[in-house]
Amino acid sequence: MAASNDGAHARVRLTFADEGSFHSVIVSLPSERIDDYDRLVDLIREDPAVTRELYVDIRRLVSASIVRDE
């Protein structure tokens, strides 16, 4: 999924731990689906629209947060 903030999608920063170091990526998730889940990680793991487009190694995922316009 391409990173965008076009109203239909929200930019989300995923931070991963990998052998003692951390790195982040910003992905785009459907905005209308975010409120359907208590946690972003549940949306990432369970929503078919997301899992069809995005693979996330949940074991390494440390945090997921919405990127607000600065």
Side-chain angles (χ1 to χ4, degrees):
M1 293 180 152
S4 71
N5 207 11
D6 61 7
H9 288 82
R11 295 183 315 150
V12 175
R13 177 176 288 112
L14 304 178
T15 302
F16 297 90
D18 190 22
E19 297 182 8
S21 64
F22 296 91
H23 65 278
S24 296
V25 295
I26 294 179
V27 299
S28 180
L29 299 179
S31 297
E32 67 275 3
R33 304 296 293 147
I34 290 175
D35 290 336
D36 294 340
Y37 292 87
D38 291 333
R39 304 177 309 158
L40 285 172
V41 69
D42 294 334
L43 169 66
I44 293 165
R45 288 175 23 174
E46 299 172 8
D47 192 278
V50 174
T51 59
R52 194 171 29 248
E53 299 289 329
L54 179 68
Y55 171 77
V56 174
D57 186 348
I58 296 297
R59 296 169 300 162
R60 293 184 178 156
L61 182 64
V62 175
S63 70
S65 58
I66 296 174
V67 176
R68 304 286 181 203
D69 290 334
E70 298 169 358

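- For Ala64 against Leu14, the heavy-atom pair with the smallest separation is CB-CD2, 3.6 Å.
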- Steps toward side chain to side chain contact (heavy atoms under 4.5 Å, CB included) verdict (Val12, Val67): CA-CA 5 Å; Val12 175; Val67 176; 5.9 Å; no

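- Using a 4.5 Å heavy-atom threshold, the side chains of Leu43 and Val50 count as touching.
- Side-chain contact between His23 and Asp18 is present, with at least one heavy-atom pair separated by less than 4.5 Å.
- Shown here for Arg68 and Arg11, the closest heavy-atom pair between the two residues is O-NH2, 4.5 Å.
- The side-chain heavy atoms of Ile44 and Val27, taken from C-beta on, include no pair separated by under 4.5 Å.
- When every heavy atom of Ile26 is checked against every heavy atom of Arg13, the shortest pair comes out as CD1-NH2, 3.7 Å.
- Side-chain atoms of Phe16 and Val56, non-hydrogen and from C-beta on, do get closer than 4.5 Å to each other.
- Contact between Thr51 and Arg45 at its shortest, heavy atoms only, is CG2-O, 3.5 Å.
- For the salt bridge (charged side-chain N to carboxylate O under 4.0 Å, His left out) criterion with Asp47, the lone passing option out of Arg39, Arg33, Arg52 is Arg33.
- Residues Leu40 and Tyr55 are members of separate hydrophobic clusters, defined by side-chain heavy-atom contacts under 4.5 angstrom among Ile, Leu, Val, Met, Phe, Trp and Tyr.
- In the hydrophobic clustering, where aliphatic and aromatic side chains (Ile, Leu, Val, Met, Phe, Trp, Tyr) are joined below 4.5 Å either directly or transitively, Phe22 groups with Val62.
- Residues His9 and Ser31 share a closest heavy-atom pair of C-OG, 3.0 Å.
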